[in-house]
Engineer: 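Dropping the structure in here first, questions after.
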Amino acid sequence: MCGIAGWVSFDRDLRAAENTATLDAMTETMSCRGPDDRGTWTAGHAGLGHRRLAIIDLPGGRQPMAVSTPEGEIALVYSGEAYNFTELRGELSARGHRFVTDSDTEVVLHGYLEWGESVAERLNGMYAFALWDSRHDKLVMIRDRMGVKPFYYWPTPDGVLFGSEPKAILANPLVRPRVDLDGLRELFSLVKTPGHAVWDGMFEVEPGTVVTVDRGGLRRHVYWRLETRPHADDRDTTITTVRSLLDDIVRRQLVSDVPRCILLSGGLDSSAVTALAARQLAESDEKVRTFAVDFVGRTENFVADALRTTPDTPFVHDVARLSGTVHRDIVLDPETLADPEVRARMIRARDIPMGLGDMDTSLYLLFRAIREHSTVALSGESADEVFGGYLQFFDEEARRADTFPWLVRFAEHFGEDAGLLRDDVNRALGLEAYIRDSYDSAVAGIERLDGESDFEYRMRRICHLHLTRFVRVLLDRKDRASMAVGLEVRVPFCDHRLVEYVYNTPWALKSFDGREKSLLREAVADVLPRSVYERTKSPYPSTQDPKYAVALQEHARDLLARPDHRVFELIDRDRLQKAADHEAPQITSASRRGLERTLDLATWLDMYEPEVDLG
C-alpha cells in the first residue's frame with residue numbers, strides 16, 4: 001500500500017531541475033501513505049513518484065520499478081495489493097519471465113509485459129497503478145474494480161498529472177485549486193458521481209477502468225462493470241458458495257510480511273471476518289489481534305435510537321472471547337473528537353469537506369491508535385452494500401422512491417445539509433434537480449433479467465446503486481482515514497467474485513428469513529456467538545455525549561466572531577448562530593450536523609484557499 005504521483009508532458013523535458021523539483025513536491029504530499037520509502041523516476045516526457053508503505057517483500061519491493069526491453073523501458077508506480085500474485089507469478093514464470101524480488105509489484109509489471117492493459121482483468125485485489133511505456137510513449141492508468149484504492153488525474157494541454165489523492169495534483173503549479181457549482185453539488189448531495197473529483201478540471205480514474213494517455217490524447221476503457229446474470233443455485237448451494245468464497249478471500253487477505261489485525265465492531269460483518277481469520281490463523285498457532293472503537297461512558301449511558309438499538313462493546317467482547325483474539329478497545333473522549341486539529345487532519349486526508357462529523361474523526365483516531373501495533377487491518381466494510389444490510393433495503397418508501405434510497409430518510413436521521421446553506425447558495429446549487437438527474441443516469445444502464453418481476457428488478461436497482469455509488473463514499477472515507485496514518489485496510493467483502501455472485505442472487509434469497517444479510521448470517525453461523533447471530537444491524541457508532549455538541553458550539557462561536565470569514569459566503573450566519581446557542585443536551589441531529597459541516601467547510605477554506613465559483 002502506497003501513494004503514487006506523476007506527470008506526463010509531451011512539450012517539455014521533465015528531467016529539467018525545476019520539473020524534477022515539482023515532481024518531488026507532488027510525491028512528498030503522499031508521504032503519509034508511504035512512510036517507509038520514497039523514489040522518483042524520469043525519462044524525457046514522463047515522471048513517476050512513489051511513497052512506499054512496505055507490506056510484501058520489505059527489502060525487494062522498492063518503487064518506481066522498471067524493466068528494460070529491446071524497444072524501450074517500462075516503469076511502474078503501484079499502490080495496493082494483488083491477492084493472487086502468487087498464482088500469477090507461477091503462470092508468468094512458466095511463460096519465461098524471471099523475477100528478482102518476491103513482491104506483487106514486480107508480478108504486475110511483468111503481467112503488463114505479457115498481457116498489456118489486459119493485466120487488469122487477471123488481478124484480484126485493490127490497486128491503483130500507472131505505467132509509463134516508453135515503447136509507445138504512453139501512460140497507462142488502471143484502477144481496481146470496486147474503487148477500493150483512490151486514483152485521480154488532471155488532463156493538461158500537453159499531457160496529464162495524476163496521483164493517489166488530489167493533493168498530489170494540487171502541488172503542481174499548473175493547477176489552481178477551484179471548485180465550481182458541480183463540485184459544491186457533489187459536496188452536498190451524497191450521490192458520488194463516477195469520475196467526479198469535486199475539484200474543477202480534475203477527474204477520478206473510475207473503478208474497473210483503464211485510462212491511457214499518449215500524443216493522440218486521452219482514452220478510457222472499461223474492463224469491468226457490474227453485470228446482470230441468471231442465478232441458478234438453490235438456497236443451500238448459495239450459502240455454501242458464499243462461505244467458500246469468504247474462506248478463500250480471508251485467507252488471501254491475511255497474507256502480509258508485517259503485523260496485521262481485524263477491525264471488530266461487534267456487528268455481523270466484522271465478526272464474520274474475525275471468526276474466519278481466527279480459525280485460519282489457529283492452524284499455525286497464531287492469534288488474531290482485534291481492535292474496536294468506543295466512547296467514554298457509551299455502554300453505561302447508551303440510549304437506543306432509530307438507527308442503533310444496542311451498544312457495540314458487549315458484542316465485541318463476545319466475539320473476542322469466542323474467537324480467542326488479543327483484543328483492545330480504543331476509547332475516545334468527546335473533547336478529542338471535537339478537537340480542531342483532529343478535524344483538520346481528516347480534512348487534509350480527504351482534501352474536501354465531505355465528512356460525517358464524529359464518525360470521521362473517530363475513525364481517524366481509531367486508525368491512528370491501531371497503527372502503533374499493526375500495519376495491516378482487515379475490515380467488514382461493504383458487506384451491507386453487498387448483502388443488503390441497510391434499513392432502506394426494507395423501507396417501503398425507500399424501495400419505491402425514484403431517488404437514491406439512502407437519501408429518503410437521511411435528513412430525518414442526520415439533518416439536511418441544505419438547511420445550513422444561504423438561501424441564494426441553495427438556489428444556485430439546485431440540489432433537487434442535480435440529484436434527480438444523477439439518479440436517472442445511475443439507473444439507466446442497469447440490466448433486467450428476462451422474466452424478472454417488477455419487485456425483484458427494483459431490488460436489483462437498489463443493490464446496484466449501493467454497489468456503484470454509496471459504497472464508494474465509504475471506501476474513500478476508509479482509505480483516506482487509514483492511509484493518513486500509514487495503515488493499510490483491506491476489505492474482503494469487496495472481492496469482485498463475491499460481489500458478482502451475491503449481486504445476481506435474487507432478493508428473495510438475500511432476505512430468505514425476512515432479515516437483513518440472511519445469506520451472510522447463515523454462511524458464518526457456525527463461527528459466531530449467538531448474540532451476534534441474533535443482533536440487528538447497527539451502523540458505525542456515533543458519540544451520544546452532550547459534551548461533544550458543547551465543544552462544537554464553542555468552536556462555532558469562535559467562527560461567528562470572525563464575520564468576514566469566507567465560510568459565510570456559503571453558510572447562513574443566523575442559522576449557525578441559532579445552532580451555536582441551542583441548549584446542548586437537546587441539540588437536534590440537524591443542528592449538530594450543521595455545526596460539523598460548517599466547521600469542516602471553514603477548515604477546508606482556510607487550508608486550501610480554493611477559488612469557489614458560484615456561477
Side-chain angles (χ1 to χ4, degrees), residues 1-10 14 23 26-27 30 34 39-52 61-82 85 88-89 92 95 97 99-101 103-123 125-145 149-155 159-164 168-169 203-224:
M1 195 65 64
C2 308
I4 64 175
W7 185 6
V8 171
S9 174
F10 293 107
L14 295 185
L23 179 63
M26 294 172 65
T27 303
M30 297 289 93
T40 57
W41 178 95
T42 54
H45 302 303
L48 307 179
H50 189 264
R51 290 291 313 211
R52 186 184 184 207
R62 296 196 69 191
Q63 297 184 49
M65 188 175 286
V67 62
S68 295
T69 75
E71 296 80 26
E73 197 171 27
I74 301 170
L76 168 70
V77 282
Y78 173 81
S79 170
E81 303 290 346
F85 79 95
L88 289 176
R89 181 188 175 101
L92 289 165
R95 291 171 176 260
H97 291 261
F99 296 89
V100 296
T101 76
S103 69
D104 59 334
T105 303
E106 189 180 16
V107 172
V108 173
L109 179 55
H110 281 263
Y112 176 78
L113 278 173
E114 182 67 31
W115 299 301
E117 296 165 19
S118 297
V119 65
E121 300 168 22
R122 296 174 176 266
L123 298 176
M126 54 179 188
Y127 45 84
F129 60 91
L131 298 120
W132 174 253
D133 189 339
S134 62
R135 300 172 302 179
H136 309 290
D137 274 355
K138 177 176 71 173
L139 180 75
V140 179
M141 298 181 284
I142 299 178
R143 191 177 180 195
D144 66 69
R145 296 169 179 84
K149 301 312 299 176
F151 202 175
Y152 296 85
Y153 67 96
W154 179 296
V160 71
L161 308 169
F162 69 84
S164 292
I169 295 170
F203 303 89
E204 283 188 314
V205 177
E206 294 186 34
T209 300
V210 179
V211 178
T212 60
V213 181
D214 58 21
R215 291 181 182 274
L218 184 148
R219 290 174 297 279
R220 301 175 186 85
H221 165 67
V222 177
Y223 71 88
W224 183 87

Engineer: Compare all side-chain heavy atoms of Val107 with those of Leu92 and state whether any distance is below 4.5 angstrom.
Structural biologist: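 With C-beta onward as the side chain, the pair touches.
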
Engineer: Hey, does Thr42 have a side-chain heavy atom less than 4.5 Å from the side chain of Leu23?
Structural biologist: yes

Engineer: Tell me, please, which residues at least two apart from Ala130 pass side chain to side chain contact (heavy atoms under 4.5 Å, CB included).
Structural biologist: Val77, Leu139, Met141, Phe151, Phe162

Engineer: Taking ring-ring contact (aromatic ring centres under 6.0 Å, His included) as the test, write out the residues that go with Phe85, two or more places apart.
Structural biologist: none

Engineer: Going by side chain to side chain contact (heavy atoms under 4.5 Å, CB included), name the residues that satisfy it together with Arg215, two or more places apart in sequence or in a different chain.
Structural biologist: Phe10, His45, Asp137

Engineer: Sequence neighbours excluded, which residues qualify as salt bridge (Lys or Arg N to Asp or Glu O under 4.0 Å) partners of Glu106?
Structural biologist: none

Engineer: For residues Pro155 and Leu218, report the shortest heavy-atom separation together with the two atoms involved.
Structural biologist: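 Shortest heavy-atom contact: CG-CD1, 4.3 Å.
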
Engineer: Provide the closest heavy-atom pair for Ser164 versus Cys2 in the form atom of the first, atom of the second, distance.
Structural biologist: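 Nearest pair, atom of Ser164 first, then Cys2: OG-O, 4.2 Å.
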
Engineer: Once salt bridge (Lys or Arg N to Asp or Glu O under 4.0 Å) is applied, do any residues pair with Glu121, and if so which ones, sequence neighbours excluded?
Structural biologist: none

Engineer: For Pro150 versus Ala128, what's the shortest heavy-atom pair and its separation?
Structural biologist: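 That would be O-CB, 3.6 Å.
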
Engineer: Take His221 and Glu117, measure what side chain to side chain donor-acceptor pair (under 3.5 Å) needs, and give me the verdict at the end.
Structural biologist: CA-CA 10 Å; His221 165 67; Glu117 296 165 19; over 6 Å; no

Engineer: Looking only at non-hydrogen atoms, find the nearest pair between Arg143 and Pro207 and report the distance.
Structural biologist: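 Looks like NH1-CD, 3.6 Å.
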
Engineer: Start with the C-alpha distance between Glu81 and Asp104, add both sets of side-chain angles, then the distance that settles side-chain contact (heavy atoms from CB on, under 4.5 Å), and finish with yes or no.
Structural biologist: CA-CA 7 Å; Glu81 303 290 346; Asp104 59 334; 3.4 Å; yes

Engineer: List the residues meeting side-chain hydrogen bond (donor to acceptor under 3.5 Å, both in side chains) with Asp214, not counting sequence neighbours, and say none if there are none.
Structural biologist: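 Here the qualifying residues are Arg219.
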
Engineer: Out of curiosity, Arg89 CZ to His97 NE2, how far, rounded to the nearest 0.5 Å?
Structural biologist: 12.5 Å

Engineer: Which heavy atom of Pro64 sits nearest to which heavy atom of Leu48, and what is that distance?
Structural biologist: CG-O, 3.9 Å

Engineer: For Thr105, enumerate each residue passing the side-chain hydrogen bond (donor to acceptor under 3.5 Å, both in side chains) test, keeping only those at least two apart in sequence or located in another chain.
Structural biologist: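 In terms of side-chain hydrogen bond (donor to acceptor under 3.5 Å, both in side chains), with neighbours along the sequence ignored, Thr105 is linked to Gln63.
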
Engineer: How long is the gap from CH2 on Trp115 to CZ on Arg122, to the nearest 0.5 Å?
Structural biologist: 4.5 Å

Engineer: Under 4.5 Å between any side-chain heavy atoms of Ile4 and Met30, yes or no?
Structural biologist: no

Engineer: Got a second to check how far Thr209's OG1 is from Asp144's CG, nearest 0.5 Å?
Structural biologist: 10.5 Å

Engineer: Would you say that Tyr78 contacts Ile142 through its side chain, given a criterion of any heavy-atom pair below 4.5 Å between the two side chains?
Structural biologist: no

Engineer: Is there side-chain contact between Leu88 and Val108, with heavy atoms separated by less than 4.5 Å?
Structural biologist: no

Engineer: By salt bridge (Lys or Arg N to Asp or Glu O under 4.0 Å), which residues pair with Asp133, not counting sequence neighbours?
Structural biologist: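 With neighbours one apart ignored, the set is Arg135.
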
Engineer: Kindly write out the residues that satisfy ring-ring contact (aromatic ring centres under 6.0 Å, His included) with Tyr112, not counting sequence neighbours, or none if the list is empty.
Structural biologist: none

Engineer: Indicate the atoms forming the closest heavy-atom contact of Gly80 with Lys149, along with that distance.
Structural biologist: CA-CG, 4.4 Å

Engineer: Under the rule for ring-ring contact (aromatic ring centres under 6.0 Å, His included), what residues qualify as partners of Tyr127, not counting sequence neighbours?
Structural biologist: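 With neighbours one apart ignored, the set is Phe129.
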
Engineer: Who are the side-chain hydrogen bond (donor to acceptor under 3.5 Å, both in side chains) partners of Trp41, not counting sequence neighbours?
Structural biologist: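 Trp41 satisfies side-chain hydrogen bond (donor to acceptor under 3.5 Å, both in side chains) with no other residue.
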
Engineer: Sequence neighbours left out, what passes salt bridge (Lys or Arg N to Asp or Glu O under 4.0 Å) with Arg145? Give chain and number order.
Structural biologist: none

Engineer: Do any N or O atoms from the side chain of Ser134 and from the backbone of Glu73 form a donor-acceptor pair under 3.5 angstrom?
Structural biologist: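 Checked: pair present.
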
